[in-house]
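Below, read A as the first sequence line, B as the second, and so on, with proteins coming before strands; counting in each chain starts at 1. Being a predicted model, the structure only gives us computed values, none of them experimental.
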There are 4 protein chains.
Amino acid sequence: MNESRRSERARTAILTATGELIAELPYPKLTVEAIAARAGVGKQTIYRWWPSRGAVVLDAMLERDAPAELPDTGDLRADLRPLLRGAVAALTDPVADGFLRAMYVEIQQDPALAREYRERLLLPQRAAVAARLAGALPPGADTELAVDLLLGPVQMRWALGLGGLTAEYADAALEAALAFLLPE
Amino acid sequence: MNESRRSERARTAILTATGELIAELPYPKLTVEAIAARAGVGKQTIYRWWPSRGAVVLDAMLERDAPAELPDTGDLRADLRPLLRGAVAALTDPVADGFLRAMYVEIQQDPALAREYRERLLLPQRAAVAARLAGALPPGADTELAVDLLLGPVQMRWALGLGGLTAEYADAALEAALAFLLPE
Amino acid sequence: MNESRRSERARTAILTATGELIAELPYPKLTVEAIAARAGVGKQTIYRWWPSRGAVVLDAMLERDAPAELPDTGDLRADLRPLLRGAVAALTDPVADGFLRAMYVEIQQDPALAREYRERLLLPQRAAVAARLAGALPPGADTELAVDLLLGPVQMRWALGLGGLTAEYADAALEAALAFLLPE
Amino acid sequence: MNESRRSERARTAILTATGELIAELPYPKLTVEAIAARAGVGKQTIYRWWPSRGAVVLDAMLERDAPAELPDTGDLRADLRPLLRGAVAALTDPVADGFLRAMYVEIQQDPALAREYRERLLLPQRAAVAARLAGALPPGADTELAVDLLLGPVQMRWALGLGGLTAEYADAALEAALAFLLPE
DNA sequence: ATGTAATCGAGACGGTACGTCACGTCTTGTT
DNA sequence: AACAAGACGTGACGTACCGTCTCGATTACAT
């Protein structure tokens with residue numbers, strides 16, 4: 001597919017419309033037709049450039065926030081605290097929450113999209129965390145497991161709708177993980 | 001609705017058919033019509049007793065496995081190890097994996113169903129774990145957070161398709177959590 | 001089927017409800033379930049005694065008006081005028097109109113019911129007219145055709161919704177037919 | 001609705017399928033789904049262009065036969081005889097009979113469709129007859145009534161399933177009407 | 001007068017069709 | 001060639017009724 005002729009106007013309108021509708025509608029009503037109508041675009045223009053609704057959502061998500069880097073002040077606790085607090089803040093924000101729930105729905109049903117999501121969004125985010133952890137952990141420690149331990153609790157509470165996603169919980173989860181990350 | 005006239009035959013056929021189809025079909029093809037056809041039942045009989053496809057899936061899931069209790073041998077590590085190994089085993093089994101992914105899809109889109117799922121399946125399971133933890137943890141510890149720390153890593157790897165769900169990972173995750181659960 | 005045990009209460013309620021609903025609802029909404037609900041009767045009680053909705057309507061119709069006899073004053077014109085005027089009056093009355101349109105719908109689709117309708121309602125009515133005509137017509141005249149000529153115009157205008165069903169039209173149609181019925 | 005994009009292929013297939021099914025099936029089985037299936041067309045394509053099953057049937061009918069004109073040889077009897085004979089022939093033909101009974105069912109239940117039927121099919125046919133009658137009748141005669149008198153008998157026998165629809169009956173009905181149409 | 005069997009109100013059941021929605025493909029001009 | 005527009009074949013939705021089938025509860029007849 002020759003992308004040189006692609007209309008940037010249409011691409012932007014589609015991703016913008018998707019973001020707006022994610023915030024406005026329950027996810028099952030976020031149809032391709034709704035996106036096309038809101039974007040003032042033909043359905044074919046969507047299907048020409050994306051294989052599925054989920055792929056559009058993923059691109060719309062990527063358009064919003066690039067994976068950030070973690071600071072390294074030497075104080076792991078201090079460096080990680082904003083990470084976890086930021087996570088609960090994002091999972092509490094209606095738009096970010098909407099995007100993430102949408103992605104969760106899609107990746108459970110579409111392995112190809114799951115792969116895309118992992119490689120373009122998830123793994124870079126985890127790599128940034130892992131990079132910061134790597135230096136601080138005892139040699140031989142399993143960095144991947146460390147990331148899981150750090151983020152798993154917050155992610156689980158959010159995914160299962162268990163509530164309690166506050167800054168206090170973020171700090172407590174951090175302390176719990178640090179028992180493993182920084183023994184003694 | 002008077003349930004006394006309800007056909008046990010139809011109810012069982014519906015839940016059984018749902019379980020079979022979960023194992024056979026990609027989830028988006030698990031339609032109410034497919035369930036009705038497989039069960040030899042009219043669609044109305046499904047809609048009469050369940051408000052949505054997700055509610056049927058939840059009941060089919062509950063029909064399969066009741067929440068189990070945890071043993072208490074006094075050795076927390078020994079008692080928890082089969083729990084985590086069992087979790088990765090279940091998340092690796094095609095049928096249980098299919099059911100769980102289905103529930104994940106549904107609860108992200110239907111808060112009422114999410115509530116049902118939590119109260120009837122999730123919280124009892126967590127309560128069983130929490131009960132075993134309660135006695136072993138230092139006084140004042142946050143039992144809920146302890147459960148999150150224990151199960152979060154496994155759950156996250158599964159939900160995001162990160163792979164690596166082996167018995168070894170289960171054991172490693174347990175050890176990591178124990179750093180917090182059993183300090184020293 | 002032993003009719004001795006039949007509940008007269010239920011039978012009356014069904015036929016009454018049918019008449020009420022014919023007047024209240026567009027015919028496609030006159031369902032067996034609606035009749036049963038209005039009559040406070042189980043559906044089975046209807047199906048036990050009537051083979052179809054149309055049969056119920058026919059019985060409800062017969063319950064309302066028995067075929068009348070025609071007077072014979074010796075003056076054919078004077079004897080027939082109230083017949084035709086009565087016809088347009090009935091076809092203009094909402095309830096009678098509703099019943100008749102219902103029967104028209106049913107007999108076009110159900111030959112067995114059409115036969116019932118003819119034998120129990122239509123032919124007796126026509127026979128009454130024919131009896132009055134028989135004496136007045138010239139010998140050898142086709143009485144059946146005479147009845148058709150007399151009633152056909154009014155029936156056609158009504159069945160096809162052509163309008164113009166007034167007492168004046170009734171009289172004019174009578175005069176037109178009399179040109180054949182009473183030559184000279 | 002912009003008709004320029006309408007698929008002539010689909011339109012033709014739908015009307016053809018309707019005609020075939022009218023001849024093959026009892027009318028209550030002539031469902032929109034059956035038409036769509038036979039025509040190889042989506043249901044929505046039918047609902048996009050017609051408001052109801054009856055409207056499709058009307059269009060299918062109009063596709064078959066345009067209202068013809070009556071000859072004027074100066075001999076009214078000779079000009080009308082083929083009209084009535086043609087009418088009984090049509091009402092005896094299974095396909096034409098099927099179409100007409102279908103229309104009768106529909107127009108009794110749907111006033112809007114009845115209006116369509118009248119204006120697009122019935123009134124033009126009647127106007128053709130009226131035009132031929134107008135010149136032949138005595139001045140001041142009611143042409144509409146004349147048409148009713150001519151066609152009413154045949155129509156009534158057909159609508160009520162009274163039988164006897166033969167060429168002989170057509171001729172006899174013509175003679176009876178002529179007693180009024182051509183006095184003396 | 002009393003058991004017993006048919007009828008009753010109620011409504012669940014397996015079905016069929018409804019009319020609608022959205023899918024992903026296609027066709028038709030326009031830019 | 002990509003675009004906006006939207007018709008197309010397809011398939012599922014959730015609802016309405018169909019005619020049949022259980023369920024007790026209630027008659028009314030035959031013992």
Side-chain angles (χ1 to χ4, degrees), chain A residues 1-11 13 28-37 39-53, chain B residues 1-7 9-11 13 28-34 36-37 39-49 51-53, chain C residues 1-7 9-11 13 28-37 39-49 51-53, chain D residues 1-7 9-11 13 28-34 36-37 39-49 51-53:
Chain A
M1 181 102 43
N2 179 3
E3 304 228 354
S4 68
R5 289 184 179 275
R6 181 169 187 176
S7 159
E8 177 57 23
R9 197 201 113 283
R11 189 188 143 275
K29 300 210 134 185
L30 180 71
T31 64
V32 171
E33 295 198 340
I35 296 172
V41 137
K43 281 200 289 177
Q44 193 60 241
T45 301
I46 297 180
Y47 285 110
R48 183 152 37 227
W49 303 108
W50 289 275
S52 66
R53 176 183 65 165
Chain B
M1 181 100 44
N2 180 4
E3 304 230 354
S4 72
R5 295 204 183 291
R6 181 170 185 177
S7 159
R9 193 194 62 57
R11 191 190 140 275
K29 300 210 131 184
L30 180 71
T31 63
V32 173
E33 293 201 340
V41 137
K43 275 199 290 180
Q44 195 66 64
T45 300
I46 297 181
Y47 285 111
R48 184 154 32 229
W49 302 108
S52 66
R53 176 184 64 164
Chain C
M1 181 105 40
N2 181 2
E3 303 229 355
S4 67
R5 288 182 179 279
R6 180 170 187 177
S7 159
R9 198 199 114 287
R11 190 188 142 274
K29 300 210 135 185
L30 181 71
T31 64
V32 171
E33 295 199 339
I35 295 173
V41 137
K43 280 200 290 177
Q44 192 60 242
T45 301
I46 296 181
Y47 285 110
R48 184 153 34 228
W49 303 108
S52 67
R53 176 184 64 165
Chain D
M1 181 99 47
N2 180 4
E3 304 229 353
S4 71
R5 295 204 183 290
R6 182 170 186 178
S7 159
R9 190 192 65 56
R11 190 189 141 274
K29 301 209 129 185
L30 180 71
T31 63
V32 172
E33 293 200 339
V41 136
K43 276 201 288 181
Q44 195 66 64
T45 300
I46 297 181
Y47 285 111
R48 183 149 36 224
W49 303 109
S52 66
R53 177 184 64 164

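Listed by chain and residue number, B:A13, B:I14, B:A17, B:V41 satisfy the side chain to side chain contact (heavy atoms under 4.5 Å, CB included) test with B:A39 (two or more places apart in sequence, or in another chain). Residues passing the side-chain hydrogen bond (donor to acceptor under 3.5 Å, both in side chains) test with D:E33 are D:K43, sequence neighbours excluded. Partners of A:R11 by salt bridge (Lys or Arg N to Asp or Glu O under 4.0 Å), not counting sequence neighbours, listed by chain and number: A:E8, A:E63.
Taking five base pairs at each end of the helix from E:dA1-F:dT31 to E:dT31-F:dA1 and finding the rotation axis that steps the C1' atoms of four pairs onto the next four gives two axes whose angle is 10°, to the nearest 10°.
The shortest heavy-atom contact between C:G40 and C:R9 is O-NH2, 4.0 Å. Nearest heavy atom pair, residue D:A34 against residue D:K29, reads CB-O, 4.1 Å. Scanning both residues, A:I35 and A:L30, for their nearest heavy atoms gives CG1-CD1, 4.0 Å. Counting all heavy atoms, side chain and backbone alike, A:A36 lies closest to A:G42 at CB-C, 4.3 Å.
Comparing A:K29 and C:V41 by the nucleotide of DNA chain E that holds the closest heavy atom to each, the one mapping nearer the 5' end is C:V41.
In this structure, CZ of D:R11 is placed 14 Å from P of F:dG9, rounded to the nearest angstrom. The CD1 atom of C:I46 sits 14 Å away from the C1' atom of F:dT20 (whole-angstrom rounding). Separating the CZ atom of D:R48 from the P atom of F:dT10 is a distance of 13 Å, rounded to the nearest angstrom. Between A:I35 atom CD1 and E:dA22 atom P there is a gap of 12 Å when expressed in whole angstrom units.
Between B:R9 and E:dG14 there is a side-chain polar atom (N or O) within less than 4.0 angstrom of OP1 or OP2. B:S7 has no side-chain polar atom (N or O) that falls below the 4.0 Å cut-off from OP1 or OP2 of E:dA12. The phosphate of E:dG14 (OP1 or OP2) has a side-chain N or O of B:T45 nearer than 4.0 angstrom. In terms of phosphate contacts, B:W49 brings no side-chain nitrogen or oxygen within less than 4.0 Å of OP1 or OP2 of E:dG11.
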Legend entry - Under 4.0 Å protein heavy-atom contacts per nucleotide of nucleotides 23-31 of chain E, with B for base, S for backbone only and - for none: BBBB-B---

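Relative to the six-membered ring of A:W49, A:R5 misses at least one condition, a distance below 6.0 Å or an angle of at most 45° to the axis.
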